[in-house]
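Structure first, commentary second.
These values consider heavy atoms only, across backbone and side chains, with no hydrogens, waters or symmetry-generated copies.
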Amino acid sequence: MFQQSGNNMGANSFGWASAAFVISAFLISAPAQELKPLLLPPPRSDGGKPLMVALTQRQTIRDIKADRLADQTLADLLWAGFGINRPANGNRTAPSAMNSQEVDLYVALPEGLYLYEPKTNALKALIGDDLRPRTGGQEFARTAPVTLVFVADLSRLAKAEPDRGEFYAAFDAGCICQNLYLFCASAGLATVVHDLDRAPLAKAMKLGPNQKIIMAQAIGYPK
(Lines give C-alpha, C1' and ligand atoms only; values in the text may rest on other atoms or scores of the structure.)
Protein backbone atom coordinates (compact mmCIF):
# COMPACT_ATOMS: atom_id res chain seq x y z
CA MET A 1 0.00 0.00 0.00
CA PHE A 2 2.69 2.46 1.00
CA GLN A 3 4.87 1.30 -1.91
CA GLN A 4 2.07 1.91 -4.38
CA SER A 5 1.47 5.38 -2.95
CA GLY A 6 5.13 6.11 -3.32
CA ASN A 7 5.02 5.09 -6.97
CA ASN A 8 2.08 7.42 -7.59
CA MET A 9 3.91 10.25 -5.91
CA GLY A 10 6.94 9.60 -8.09
CA ALA A 11 4.80 9.64 -11.21
CA ASN A 12 3.07 12.83 -10.14
CA SER A 13 6.40 14.47 -9.36
CA PHE A 14 7.69 13.47 -12.77
CA GLY A 15 4.55 14.89 -14.36
CA TRP A 16 4.89 18.24 -12.55
CA ALA A 17 8.58 18.40 -13.41
CA SER A 18 7.81 17.75 -17.07
CA ALA A 19 5.12 20.44 -17.10
CA ALA A 20 7.43 22.91 -15.40
CA PHE A 21 10.13 22.17 -17.98
CA VAL A 22 7.73 22.77 -20.86
CA ILE A 23 6.49 26.04 -19.37
CA SER A 24 10.03 27.25 -18.68
CA ALA A 25 11.11 26.37 -22.20
CA PHE A 26 8.15 28.30 -23.61
CA LEU A 27 8.91 31.37 -21.50
CA ILE A 28 12.55 31.31 -22.49
CA SER A 29 11.82 30.92 -26.19
CA ALA A 30 8.90 33.37 -26.25
CA PRO A 31 10.05 36.73 -27.66
CA ALA A 32 9.90 39.81 -25.42
CA GLN A 33 7.06 42.17 -26.09
CA GLU A 34 8.09 44.50 -28.90
CA LEU A 35 8.36 48.18 -28.01
CA LYS A 36 6.34 50.14 -30.55
CA PRO A 37 6.95 53.73 -31.69
CA LEU A 38 4.66 56.38 -30.33
CA LEU A 39 3.24 59.13 -32.54
CA LEU A 40 2.53 62.12 -30.34
CA PRO A 41 -0.32 64.59 -30.83
CA PRO A 42 0.61 67.97 -32.31
CA PRO A 43 2.16 70.16 -29.60
CA ARG A 44 0.19 73.13 -28.38
CA SER A 45 2.14 76.36 -28.86
CA ASP A 46 -0.38 78.60 -27.11
CA GLY A 47 -1.73 78.85 -23.57
CA GLY A 48 0.21 78.38 -20.38
CA LYS A 49 1.32 80.97 -17.87
CA PRO A 50 2.95 84.26 -18.86
CA LEU A 51 6.74 84.04 -19.07
CA MET A 52 7.36 86.31 -16.08
CA VAL A 53 5.02 84.22 -13.93
CA ALA A 54 6.73 81.01 -15.03
CA LEU A 55 10.09 82.52 -14.11
CA THR A 56 8.90 83.35 -10.61
CA GLN A 57 7.66 79.75 -10.18
CA ARG A 58 10.66 77.97 -11.75
CA GLN A 59 12.09 75.58 -9.18
CA THR A 60 13.49 72.11 -8.58
CA ILE A 61 11.00 69.63 -7.10
CA ARG A 62 12.27 66.17 -6.21
CA ASP A 63 9.05 64.72 -4.80
CA ILE A 64 7.44 63.38 -7.98
CA LYS A 65 4.39 61.15 -8.39
CA ALA A 66 4.63 58.00 -10.49
CA ASP A 67 1.42 58.92 -12.38
CA ARG A 68 1.89 58.75 -16.14
CA LEU A 69 1.84 61.96 -18.16
CA ALA A 70 -0.79 62.30 -20.86
CA ASP A 71 0.54 62.03 -24.41
CA GLN A 72 -0.49 65.63 -25.06
CA THR A 73 1.49 66.86 -22.06
CA LEU A 74 4.49 64.80 -23.16
CA ALA A 75 4.25 66.26 -26.68
CA ASP A 76 4.08 69.81 -25.32
CA LEU A 77 6.98 69.14 -22.93
CA LEU A 78 9.32 67.77 -25.59
CA TRP A 79 8.44 70.50 -28.06
CA ALA A 80 9.11 73.18 -25.44
CA GLY A 81 12.45 71.57 -24.66
CA PHE A 82 13.90 71.17 -28.14
CA GLY A 83 11.12 71.01 -30.69
CA ILE A 84 10.95 72.71 -34.06
CA ASN A 85 9.45 76.19 -33.78
CA ARG A 86 10.29 77.31 -37.34
CA PRO A 87 9.27 74.51 -39.70
CA ALA A 88 10.50 76.37 -42.78
CA ASN A 89 14.13 75.88 -41.79
CA GLY A 90 13.95 73.27 -39.02
CA ASN A 91 15.22 75.57 -36.30
CA ARG A 92 14.46 74.74 -32.69
CA THR A 93 13.12 76.19 -29.45
CA ALA A 94 16.63 76.21 -27.91
CA PRO A 95 19.88 77.47 -29.43
CA SER A 96 22.83 75.28 -30.33
CA ALA A 97 26.40 76.09 -31.27
CA MET A 98 26.63 76.82 -35.01
CA ASN A 99 23.09 75.40 -35.27
CA SER A 100 24.59 71.91 -34.89
CA GLN A 101 21.52 70.57 -33.06
CA GLU A 102 23.80 67.92 -31.60
CA VAL A 103 21.77 67.18 -28.46
CA ASP A 104 19.19 64.39 -28.63
CA LEU A 105 16.52 63.79 -26.01
CA TYR A 106 16.19 60.14 -25.06
CA VAL A 107 12.92 59.48 -23.27
CA ALA A 108 12.93 56.79 -20.59
CA LEU A 109 9.40 55.60 -19.80
CA PRO A 110 8.26 52.62 -17.72
CA GLU A 111 7.78 50.49 -20.84
CA GLY A 112 11.11 51.32 -22.47
CA LEU A 113 13.52 53.80 -24.00
CA TYR A 114 12.59 56.08 -26.88
CA LEU A 115 14.28 58.78 -28.96
CA TYR A 116 12.41 62.05 -29.50
CA GLU A 117 12.18 62.85 -33.20
CA PRO A 118 11.04 66.47 -33.56
CA LYS A 119 10.58 66.39 -37.34
CA THR A 120 7.92 63.68 -37.14
CA ASN A 121 6.76 64.59 -33.60
CA ALA A 122 7.20 60.98 -32.57
CA LEU A 123 9.04 58.76 -30.14
CA LYS A 124 11.23 56.21 -31.90
CA ALA A 125 11.20 52.88 -30.05
CA LEU A 126 14.68 51.73 -29.02
CA ILE A 127 14.83 49.35 -26.06
CA GLY A 128 11.95 47.56 -24.34
CA ASP A 129 13.46 47.82 -20.85
CA ASP A 130 12.79 50.28 -18.05
CA LEU A 131 16.08 52.17 -17.81
CA ARG A 132 14.88 54.81 -15.36
CA PRO A 133 16.50 53.14 -12.32
CA ARG A 134 19.84 53.26 -14.15
CA THR A 135 19.70 57.05 -14.44
CA GLY A 136 20.25 57.61 -10.72
CA GLY A 137 20.04 56.16 -7.24
CA GLN A 138 17.50 58.56 -5.79
CA GLU A 139 13.81 57.71 -5.63
CA PHE A 140 12.73 60.29 -8.21
CA ALA A 141 15.04 58.70 -10.80
CA ARG A 142 13.37 55.31 -10.30
CA THR A 143 9.73 56.39 -10.10
CA ALA A 144 9.24 59.61 -12.10
CA PRO A 145 7.07 58.77 -15.13
CA VAL A 146 9.49 60.48 -17.52
CA THR A 147 13.26 60.77 -17.39
CA LEU A 148 14.97 62.60 -20.21
CA VAL A 149 18.58 61.71 -20.93
CA PHE A 150 20.52 64.43 -22.79
CA VAL A 151 22.89 62.81 -25.28
CA ALA A 152 25.26 64.82 -27.47
CA ASP A 153 26.35 63.42 -30.83
CA LEU A 154 29.73 65.11 -31.11
CA SER A 155 30.05 64.15 -34.78
CA ARG A 156 27.52 66.90 -35.56
CA LEU A 157 29.88 69.52 -34.15
CA ALA A 158 32.16 69.26 -37.16
CA LYS A 159 32.64 73.04 -37.31
CA ALA A 160 33.84 73.24 -33.73
CA GLU A 161 37.45 72.85 -32.64
CA PRO A 162 37.99 69.26 -31.45
CA ASP A 163 38.63 70.23 -27.84
CA ARG A 164 35.52 72.45 -27.63
CA GLY A 165 32.80 70.03 -28.69
CA GLU A 166 31.82 68.76 -25.24
CA PHE A 167 31.86 72.31 -23.88
CA TYR A 168 29.42 73.47 -26.56
CA ALA A 169 27.23 70.41 -26.05
CA ALA A 170 26.98 71.03 -22.30
CA PHE A 171 26.03 74.66 -22.92
CA ASP A 172 23.38 73.68 -25.46
CA ALA A 173 21.95 71.04 -23.12
CA GLY A 174 21.66 73.69 -20.41
CA CYS A 175 19.51 75.84 -22.70
CA ILE A 176 17.19 72.89 -23.35
CA CYS A 177 17.06 72.11 -19.63
CA GLN A 178 15.91 75.63 -18.81
CA ASN A 179 13.19 75.44 -21.47
CA LEU A 180 11.95 72.28 -19.77
CA TYR A 181 12.06 73.91 -16.33
CA LEU A 182 9.99 76.84 -17.55
CA PHE A 183 7.46 74.54 -19.21
CA CYS A 184 7.12 72.56 -15.99
CA ALA A 185 6.57 75.77 -14.04
CA SER A 186 3.89 76.80 -16.52
CA ALA A 187 2.19 73.38 -16.61
CA GLY A 188 2.32 72.65 -12.87
CA LEU A 189 4.83 69.81 -13.21
CA ALA A 190 7.74 68.85 -11.00
CA THR A 191 11.24 68.42 -12.36
CA VAL A 192 14.81 67.90 -11.22
CA VAL A 193 17.97 67.76 -13.30
CA HIS A 194 20.62 65.39 -11.99
CA ASP A 195 23.97 63.80 -12.64
CA LEU A 196 24.35 60.08 -13.25
CA ASP A 197 26.77 57.21 -13.78
CA ARG A 198 27.35 57.62 -17.48
CA ALA A 199 29.37 54.60 -18.56
CA PRO A 200 26.94 51.80 -17.56
CA LEU A 201 23.94 53.79 -18.76
CA ALA A 202 25.58 54.48 -22.13
CA LYS A 203 26.19 50.74 -22.48
CA ALA A 204 22.57 49.94 -21.59
CA MET A 205 21.38 52.56 -24.11
CA LYS A 206 23.72 51.08 -26.77
CA LEU A 207 25.23 54.47 -27.59
CA GLY A 208 27.98 54.92 -30.16
CA PRO A 209 31.52 56.19 -29.51
CA ASN A 210 30.67 59.76 -30.58
CA GLN A 211 27.62 59.94 -28.30
CA LYS A 212 28.15 61.42 -24.85
CA ILE A 213 25.61 61.55 -22.01
CA ILE A 214 25.49 65.01 -20.48
CA MET A 215 22.81 64.77 -17.78
CA ALA A 216 19.32 63.54 -17.00
CA GLN A 217 16.09 65.27 -16.00
CA ALA A 218 13.19 63.60 -14.19
CA ILE A 219 9.70 65.00 -14.77
CA GLY A 220 6.21 64.28 -13.46
CA TYR A 221 3.42 65.61 -11.27
CA PRO A 222 4.42 66.94 -7.85
CA LYS A 223 3.41 64.91 -4.80
Side-chain angles (χ1 to χ4, degrees), residues 54-70 73-83 92-97 101-116 118 123-124 126-154 165-208 210-223:
L55 283 168
T56 63
Q57 297 178 2
R58 192 221 65 81
Q59 61 180 313
T60 291
I61 300 176
R62 293 175 173 82
D63 294 328
I64 302 176
K65 292 181 180 179
D67 299 0
R68 188 180 182 92
L69 295 185
T73 302
L74 184 58
D76 298 346
L77 170 78
L78 294 170
W79 179 86
F82 205 34
R92 316 284 279 272
T93 57
S96 62
Q101 301 183 13
E102 79 285 356
V103 177
D104 290 315
L105 293 179
Y106 284 74
V107 185
L109 301 179
E111 64 269 26
L113 181 70
Y114 297 85
L115 174 64
Y116 173 52
L123 295 181
K124 179 182 178 181
L126 298 178
I127 300 172
D129 295 323
D130 185 1
L131 298 186
R132 294 175 301 160
R134 301 195 186 195
T135 66
Q138 295 177 277
E139 182 181 0
F140 59 72
R142 298 189 300 269
T143 62
V146 177
T147 293
L148 302 180
V149 182
F150 296 66
V151 177
D153 186 343
L154 299 182
E166 292 194 33
F167 172 83
Y168 287 135
F171 177 87
D172 296 342
C175 295
I176 298 170
C177 173
Q178 179 69 336
N179 277 6
L180 294 166
Y181 260 98
L182 290 175
F183 174 83
C184 289
S186 176
L189 298 176
T191 187
V192 53
V193 65
H194 57 94
D195 204 356
L196 67 171
D197 194 355
R198 290 169 177 77
L201 180 60
K203 183 178 181 180
M205 293 173 64
K206 302 179 182 179
L207 299 181
N210 288 321
Q211 293 179 289
K212 304 297 179 182
I213 295 175
I214 300 177
M215 58 190 179
Q217 188 165 358
I219 299 169
Y221 297 106
K223 289 184 178 179

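Taking CZ from R132 and CG from L109, the interatomic distance works out to 8.0 Å, rounded to the nearest 0.5 Å. The structure places CD of E111 at 11.5 Å from CG of D129, a figure rounded to the nearest 0.5 Å. Considering CG of L148 and OH of Y114, their distance stands at 14.0 Å, rounded to 0.5 Å. One finds the CD1 atom of I213 at 5.5 Å from the CG atom of L196 (value rounded to the nearest 0.5 Å). Here SG of C177 is found 10.5 Å from CG of L105. Values are rounded to the nearest 0.5 Å. Here the CD1 atom belonging to I214 is positioned 8.0 Å from the CG atom belonging to D172, to the nearest 0.5 angstrom.
With salt bridges taken as basic N to acidic carboxylate O contacts below 4.0 Å, one links E139 and K223.
Although no hydrogens or angles enter the test, the distance criterion places a donor-acceptor pair under 3.5 Å between the side chain of N179 and the main chain of T93. Within the 3.5 Å criterion, the main-chain N or O of V193 finds no donor-acceptor partner in the side chain of T60. Put simply, the side chain of T147 never gets that close to the backbone of Q217: no donor and acceptor are under 3.5 Å apart.
Of all heavy-atom pairs between P110 and R68, the closest is CD-NH1, 4.3 Å. Q57 approaches A185 most closely through the heavy-atom pair OE1-O, 3.7 Å. Of all non-hydrogen atoms in L154 and A169, the two that sit nearest each other are CD2-CB, 4.3 Å. When all heavy atoms are compared, the tightest approach of A66 to P145 is O-CB, 3.9 Å. Of all non-hydrogen atoms in V192 and R62, the two that sit nearest each other are CG2-CG, 4.0 Å. Between A190 and C184, the shortest heavy-atom distance links the atoms O-SG, 4.5 Å.
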Could you walk me through whether Y106 and L207 pass the side-chain contact (heavy atoms from CB on, under 4.5 Å) check? CA-CA 11 Å; Y106 284 74; L207 299 181; 3.9 Å; yes
Between I64 and I219, is a side-chain contact (heavy atoms from CB on, under 4.5 Å) present by the stated rule, with each step listed? CA-CA 7 Å; I64 302 176; I219 299 169; over 6 Å; no
Report the C-alpha distance between V107 and V146 in whole Å, list the side-chain angles of each, state the deciding distance to 0.1 Å, and finish with yes or no for side-chain contact (heavy atoms from CB on, under 4.5 Å). CA-CA 7 Å; V107 185; V146 177; 4.1 Å; yes
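At least one side-chain heavy atom of T73 sits under 4.5 Å from a side-chain heavy atom of L189. The shortest side-chain heavy-atom distance between F140 and D63 does not fall under the 4.5 Å cut-off. A heavy-atom distance below 4.5 Å is found between the side chains of V151 and M205.
The closest side-chain donor-acceptor pair between Q101 and R92 falls under 3.5 angstrom. E102 and S96 form no side-chain donor-acceptor contact under 3.5 Å, judged by distance and modelled atom types alone.
Screening L126, V149, L113 for a side-chain contact (heavy atoms from CB on, under 4.5 Å) with L131, the sole residue that qualifies is L113.
When the shell of 6.0 Å around CZ of R58 is examined, it contains more than 12 heavy atoms from other residues, nucleotides or ligands.
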